[in-house]
Visitor: 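Once you've had a glance at the structure underneath, I'll fire off some questions.
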Amino acid sequence: EAIKMYEKAARKRKGFAEAYNNMAFCYLELKNFEKAQENLELSVKFQPDNFNCIKYLGRACFLNKKYAEAKKYYDDAQKLDAVDPELLCFVAELRSLGKDDKGALELYNQVLIERPEYALASLQRGLLKYKLKQYSYAIKDMEIGLKLYKYKRIEDDVYTKLAQAKFEIADFKGAIQVFDTLVKRNPKNEFARPYRGASKIEVNDFSAAINDLEEAIKINPKSHVAYNFKGTAKAGMKQYLEALKDFDQAIKIKFDYPSTYVNRAAVKMASKDRKGACEDLNKADQLGSSVAYKLIQQYCGGTDY
């Protein structure tokens, strides 16, 4: 509706840059980056020295995956204002995409030295540290950014990476809380459901984990990951026969997933099927499992199995 009003204004007043600017912002909200770029190009045509027009034209190009154009407009904008914090964050994001993570971090640090409570810089630096597998630092930055944003207008991807980072550092209760947010946003989230279940397994809440994993399977009946975790949860409850059925189904869906063989081996070993367990561990080792070889040395030495 706003776009219709701005179009009317632009028709009435020739060269009305502000109308094209505002139309572009609406299109950005609608994730129509092509139309956003088109309107910002008109805006810059009528106001070639307008810093915000040039900056957001660069942003529209970036979101439209036209990275060379984005760099050009960011460079032009920096000639007008070299220290604008939002622009520096945009440039840092482009640098990181170009694999200049060090340069990106330098820019985020520069912004946060001058403005320690600048939400965008905190959040994006956290996402970059997640990419660099600096999980503890990533969590700190992302949580500061979320707080500064007052938890409003946050993309699911941020919560997903925050949950994954907490999972990686074994903060499983913290991970569950973040996955809760994702599931509340979308009960059919194909990532959050199984990995919340996996987090619940780690805190020995096997029954709740199974509930999550059954929901995950309803969402995606071909999720080998969900079946694998479900088998692990059932094994935690010593329901070994049922666990084996889930592992078998996971392998039927994806036969080259080493984790499932390792987990099935543990259940077979608990069921006194040492030969079957060692066969599974050897298969996992062939598929590149990082833990299977050590388990083979520990449990499958000799030739009597």
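These values consider heavy atoms only, across backbone and side chains, with no hydrogens, waters or symmetry-generated copies.
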Visitor: How far apart are the closest heavy atoms of Ala92 and Leu107, and which atoms are they?
Guide: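 So the minimum-distance heavy-atom pair works out to N-CD1, 3.7 Å.
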
Visitor: Would you say the side chain of Leu295 lies within less than 4.5 Å of the side chain of Val262, judging by non-hydrogen atoms?
Guide: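 Yes, side chains in contact.
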
Visitor: Is any side-chain heavy atom of Ser43 closer than 4.5 Å to a side-chain heavy atom of Asn50?
Guide: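 No, their side chains stay 4.5 Å or more apart.
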
Visitor: Can you name the nearest heavy-atom pair linking Leu112 to Arg125, along with the distance?
Guide: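 Leu112 and Arg125 have their closest heavy atoms at CD1-CZ, 3.4 Å.
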
Visitor: Report yes or no: does Asp285 contribute a side-chain atom to a donor-acceptor pair with the main-chain N or O of Leu281 at less than 3.5 Å?
Guide: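 No, because the side chain of Asp285 does not come within donor-acceptor range (under 3.5 Å) of the backbone of Leu281.
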
Visitor: Can you tell me if OH on Tyr293 sees more than 12 non-hydrogen neighbours from other groups inside 6.0 Å?
Guide: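 For Tyr293, atom OH is not crowded (no more than 12 foreign heavy atoms under 6.0 Å).
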
Visitor: Has the side chain of Arg274 got a donor or acceptor atom that lies under 3.5 Å from a matching backbone atom of Tyr299?
Guide: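 Indeed, once roles are kept as given, a pair shorter than 3.5 Å links the two residues.
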
Visitor: Give me the atom names and distance for the closest heavy-atom approach of Cys53 to Gln47.
Guide: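 The pair with the smallest heavy-atom distance is SG-OE1, 4.2 Å.
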
Visitor: Dump the intermediate steps for side chain to side chain contact (heavy atoms under 4.5 Å, CB included) on Ile3 and Leu30, then the final yes or no.
Guide: CA-CA 11 Å; Ile3 287 169; Leu30 296 171; 3.9 Å; yes

Visitor: Are there more than 12 heavy atoms of other residues, nucleotides or ligands under 6.0 Å from atom OH of Tyr137?
Guide: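 No, not enclosed.
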
Visitor: State, yes or no, whether a side-chain contact exists between Leu162 and Leu146 at a heavy-atom distance under 4.5 Å.
Guide: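 Yes; the side chains approach each other to less than 4.5 Å.
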
Visitor: Out of curiosity, Phe229 CZ to Asp212 CG, how far, rounded to the nearest 0.5 Å?
Guide: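 Those atoms lie 11.5 Å apart.
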
Visitor: Could you note down all residue pairs passing ring pair (Phe, Tyr, Trp, His ring centres under 6.0 Å) where residues 138-170 supplies at least one of them, sequence neighbours left out?
Guide: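 Non-adjacent pairs meeting ring pair (Phe, Tyr, Trp, His ring centres under 6.0 Å): Phe167-Phe172.
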
Visitor: Lys55: which residues meet the side-chain hydrogen bond (donor to acceptor under 3.5 Å, both in side chains) condition with it, sequence neighbours left out?
Guide: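 Per chain and number, Lys55 pairs via side-chain hydrogen bond (donor to acceptor under 3.5 Å, both in side chains) with Asp84, Glu86.
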
Visitor: Out of curiosity, Lys222 NZ to Gln249 CD, how far, rounded to the nearest 0.5 Å?
Guide: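 Those atoms lie 11.0 Å apart.
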
Visitor: Check this for me, if you would: do Lys161 and Asp157 make a salt bridge, where the nitrogen-to-carboxylate-oxygen distance has to be below 4.0 angstrom?
Guide: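 Result for this pair is yes, salt bridge flagged.
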
Visitor: Do you reckon Tyr118 sits in the same ILVMFWY cluster as Phe90, going by side-chain contacts under 4.5 Å, direct or chained?
Guide: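 Looking at the clustering, Phe90 is in the same group as Tyr118.
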
Visitor: Measure from the side-chain N and O atoms of Ser199 to the backbone N and O of Tyr195, and report whether any donor-acceptor pair falls under 3.5 Å.
Guide: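 Between the backbone of Tyr195 and the side chain of Ser199 there is a qualifying donor-acceptor contact (under 3.5 Å).
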
Visitor: A side-chain contact here means heavy atoms from C-beta on lying under 4.5 Å apart; do Ile139 and Glu143 qualify?
Guide: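 They are in contact (side-chain heavy atoms under 4.5 Å apart), so the answer is yes.
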
Visitor: Applying the 4.5 Å side-chain criterion to the ILVMFWY set and letting contacts propagate, would Phe255 and Leu244 be lumped into a single cluster?
Guide: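 Per the 4.5 Å side-chain linkage, Phe255 and Leu244 are not co-clustered.
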
Visitor: Does the plane of the ring in Phe191 sit parallel, tilted or perpendicular to the ring in Phe179? Use 30° and 60° as the thresholds.
Guide: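 Aromatic pair Phe191/Phe179 classed tilted.
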
Visitor: Keeping the roles fixed (side chain from Arg264, backbone from Phe247), state whether a donor-acceptor pair exists under 3.5 Å.
Guide: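 Checking the backbone N and O of Phe247 against the side chain of Arg264, no donor-acceptor pair under 3.5 Å is found.
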
Visitor: Between the main-chain N or O of Leu105 and the side-chain N or O of Asn109, is there a donor-acceptor pair closer than 3.5 Å?
Guide: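 Yes, Asn109 side chain to Leu105 backbone: donor-acceptor pair under 3.5 Å.
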
Visitor: Could you list the residues that satisfy side chain to side chain contact (heavy atoms under 4.5 Å, CB included) with Asp75, not counting sequence neighbours?
Guide: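 Side chain to side chain contact (heavy atoms under 4.5 Å, CB included) list for Asp75, sorted by chain: Lys71, Gln78.
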
Visitor: So which of Lys129, Lys147, Lys131 actually passes salt bridge (Lys or Arg N to Asp or Glu O under 4.0 Å) with Asp141?
Guide: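 Between Asp141 and the candidates, salt bridge (Lys or Arg N to Asp or Glu O under 4.0 Å) is satisfied uniquely by Lys129.
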
Visitor: Is it the case that atom CD in Glu7 sees more than 12 heavy atoms from other parts of the structure closer than 6.0 Å?
Guide: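 Yes, the 6.0 Å shell around CD holds more than 12 heavy atoms from other groups.
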
Visitor: Quick check: closest heavy atoms across Ala284 and Tyr261, and the distance to 0.1 Å?
Guide: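 Answer, listing the atom of Ala284 first, then Tyr261: CB-CB, 3.9 Å.
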
Visitor: Less than 4.5 Å apart, any side-chain heavy atom of Lys234 and any of Lys245?
Guide: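 Contact flag for Lys234/Lys245 side chains = no.
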
Visitor: Below 4.5 Å, heavy atoms only, C-beta onward: do Lys283 and Gln286 meet side chain to side chain?
Guide: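 Touching, per the 4.5 Å side-chain cut-off.
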
Visitor: Give the cluster check for Tyr130 versus Ile154: same hydrophobic cluster or not, with ILVMFWY residues linked at side-chain heavy-atom distances below 4.5 Å.
Guide: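 Tyr130 clusters together with Ile154.
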
Visitor: Just wondering, more than 12 heavy atoms not from Glu155 lying within 6.0 Å of its CD?
Guide: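 At most 12 heavy atoms, drawn from other residues, nucleotides or ligands, come within 6.0 Å of this atom.
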
Visitor: For a salt bridge (charged side-chain N to carboxylate O under 4.0 Å, His left out) check, start with the C-alpha distance between Arg59 and Glu93, then their side-chain angles and the critical distance, and finish with the verdict.
Guide: CA-CA 10 Å; Arg59 182 64 176 166; Glu93 189 176 28; 2.4 Å; yes

Visitor: With a 4.0 Å cut-off on N to O distance, would you call Lys254 and Asp256 a salt bridge?
Guide: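 Looking at Lys254 and Asp256, the cut-off is met.
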
Visitor: When clusters are formed by joining ILVMFWY residues with side-chain heavy atoms under 4.5 Å apart, either directly or through shared neighbours, do Phe33 and Phe25 land in the same one?
Guide: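 Same cluster: Phe33 reaches Phe25 through Ile, Leu, Val, Met, Phe, Trp or Tyr contacts under 4.5 Å.
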
Visitor: Apply salt bridge (charged side-chain N to carboxylate O under 4.0 Å, His left out) to the pair Asp205 and Lys200, showing each step before the final yes or no.
Guide: CA-CA 5 Å; Asp205 191 356; Lys200 289 176 179 177; 5.8 Å; no

Visitor: Taking Phe62 as the starting point, is it possible to reach Leu80 by hopping between hydrophobic residues whose side chains are less than 4.5 Å apart?
Guide: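 In one cluster with Leu80: Phe62, yes.
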
Visitor: Using the side chain to side chain contact (heavy atoms under 4.5 Å, CB included) criterion, which residues pair with Lys294? Sequence neighbours excluded.
Guide: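 Result, side chain to side chain contact (heavy atoms under 4.5 Å, CB included) vs Lys294: none returned.
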
Visitor: One thing to verify: whether Asp180 and Lys184 come together as a salt bridge, which I'm taking to mean a side-chain N less than 4.0 angstrom from a carboxylate O.
Guide: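 No.
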
Visitor: What distance do Tyr73 atom OH and Leu40 atom CG have between them, rounded to the nearest 0.5 Å?
Guide: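 Answer rounded to 0.5 Å: 9.5 Å.
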
Visitor: So how far is it from Glu242 CD to Met237 CE, rounded to the nearest 0.5 Å?
Guide: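 Glu242 atom CD to Met237 atom CE measures 11.0 Å (nearest 0.5 Å).
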
Visitor: Please round to the nearest 0.5 Å and tell me the distance separating atom NZ of Lys72 and atom CD1 of Ile54.
Guide: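 Taking NZ in Lys72 and CD1 in Ile54, the distance rounds to 8.0 Å.
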
Visitor: For the residue pair Val111 and Leu120, establish whether any side-chain heavy-atom pair is separated by less than 4.5 Å.
Guide: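 Not in contact.
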
Visitor: Taking only residues two or more places apart in sequence or in another chain, which ones pass side chain to side chain contact (heavy atoms under 4.5 Å, CB included) with Asn32?
Guide: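 Checked Asn32 against side chain to side chain contact (heavy atoms under 4.5 Å, CB included); matches are Tyr27, Glu34, Lys35.
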
Visitor: Is there a donor-acceptor contact under 3.5 Å from the side chain of Arg193 to the main chain of Pro187?
Guide: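 Looks like yes, one N/O pair under 3.5 Å.
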
Visitor: Closer than 4.0 angstrom, basic N to acidic O: yes or no for Arg153 and Glu29?
Guide: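 Answer for the salt bridge query: yes.
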
Visitor: Lys4 and Glu1: salt bridge (charged side-chain N to carboxylate O under 4.0 Å, His left out), yes or no, with the steps?
Guide: CA-CA 5 Å; Lys4 291 177 183 177; Glu1 292 301 314; 3.5 Å; yes

Visitor: Can you tell me how far the OH atom of Tyr108 sits from the CG atom of Asp101, to the nearest 0.5 Å?
Guide: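 If I round to the nearest 0.5 Å, the distance is 9.5 Å.
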
Visitor: Return the minimal non-hydrogen interatomic distance between Asn189 and Pro194, and the atom names on each side.
Guide: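 Heavy-atom minimum between the residues: O-CD, 4.4 Å.
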
Visitor: Within the supplied structure, the quantity of interest is the number of heavy atoms (other residues, nucleotides, ligands) at a distance under 6.0 Å from Arg185 CZ; does it exceed 12?
Guide: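 Yes - once you tally the heavy atoms of other residues, nucleotides and ligands closer than 6.0 Å, there are more than 12.
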
Visitor: Closest approach of Tyr74 and Gly58, non-hydrogen atoms and distance?
Guide: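 Shortest heavy-atom contact: CE2-C, 3.5 Å.
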
Visitor: Just grab all the salt bridge (charged side-chain N to carboxylate O under 4.0 Å, His left out) pairs involving residues 39-50, residues at least two apart or on different chains.
Guide: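 Listed by first then second residue: nothing to list.
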
